[in-house]
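Notes for the one structure printed next.
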Amino acid sequence: MYDKISCFADCGSECLIMRVPYDIAATMMKNMPESDAKNQLIERARVASRRSKILKSALDEIFEKK
């Protein structure tokens with residue numbers, strides 16, 4: 001069981017806030033159907049990866065480097 005997984009409901013914006021390990025997040029993004037939302041999420045994750053070599057590595061393993 002992962003102890004780093006948690007979810008919070010943001011009722012004001014009707015969003016689910018999830019905290020998951022990088023590898024799980026990258027796999028979830030990979031398995032999303034192609035859409036503008038998926039592309040936006042990947043782009044924002046890549047921006048976030050500028051602060052984390054571990055996240056960058058997890059994303060690079062799942063997606064082709066651009």
Side-chain angles (χ1 to χ4, degrees):
M1 182 107 187
Y2 286 95
D3 61 345
K4 296 179 180 178
I5 294 177
S6 60
C7 291
F8 305 92
D10 180 352
C11 299
S13 66
E14 296 182 2
C15 290
L16 181 65
I17 313 305
M18 297 189 304
R19 184 180 69 168
V20 297
Y22 296 150
D23 59 331
I24 292 175
T27 300
M28 289 170 63
M29 287 185 274
K30 177 185 178 189
N31 292 323
M32 288 175 66
E34 292 300 322
S35 66
D36 289 338
K38 177 180 179 174
N39 293 334
Q40 183 178 8
L41 182 57
I42 292 168
E43 181 58 32
R44 293 196 180 191
R46 290 209 180 275
V47 170
S49 75
R50 294 177 190 159
R51 297 183 188 188
S52 170
K53 291 180 182 179
I54 298 169
L55 175 56
K56 184 175 182 330
S57 177
L59 293 173
D60 287 347
E61 285 181 23
I62 298 293
F63 301 103
E64 291 182 27
K65 295 180 183 179
K66 293 183 179 182

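One-based numbering along the sequence shown. Computed over heavy atoms, backbone and side chain alike; hydrogens, waters and symmetry mates excluded.
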- Write out all pairs satisfying salt bridge (charged side-chain N to carboxylate O under 4.0 Å, His left out) with one or both partners inside residues 26-39, taking only residues at least two apart or from two chains. Glu34-Lys38
- Using a 4.5 Å cut-off on heavy atoms from C-beta on, say whether the side chain of Leu59 contacts that of Met29. yes
- Query: Can you name the one residue among Asn39, Leu41, Val47 that meets side-chain contact (heavy atoms from CB on, under 4.5 Å) with Glu43?
  - Reply: Val47
- Got a sec: does the CD1 of Ile5 have more than 12 other heavy atoms crowding it under 6.0 Å? yes
- Item | Donor-acceptor under 3.5 Å (Ser49 side chain, Arg46 main chain) | yes
Quick one: side chains of residues 15-28, donor-acceptor pairs under 3.5 Å with protein atoms, not counting sequence neighbours, listed by atom name and distance.
| unit_1 | atom_1 | unit_2 | atom_2 | d |
| --- | --- | --- | --- | --- |
| Arg19 | NE | Lys4 | O | 3.1 |
| Arg19 | NE | Ser6 | OG | 3.4 |
| Thr27 | OG1 | Asp23 | O | 3.0 |

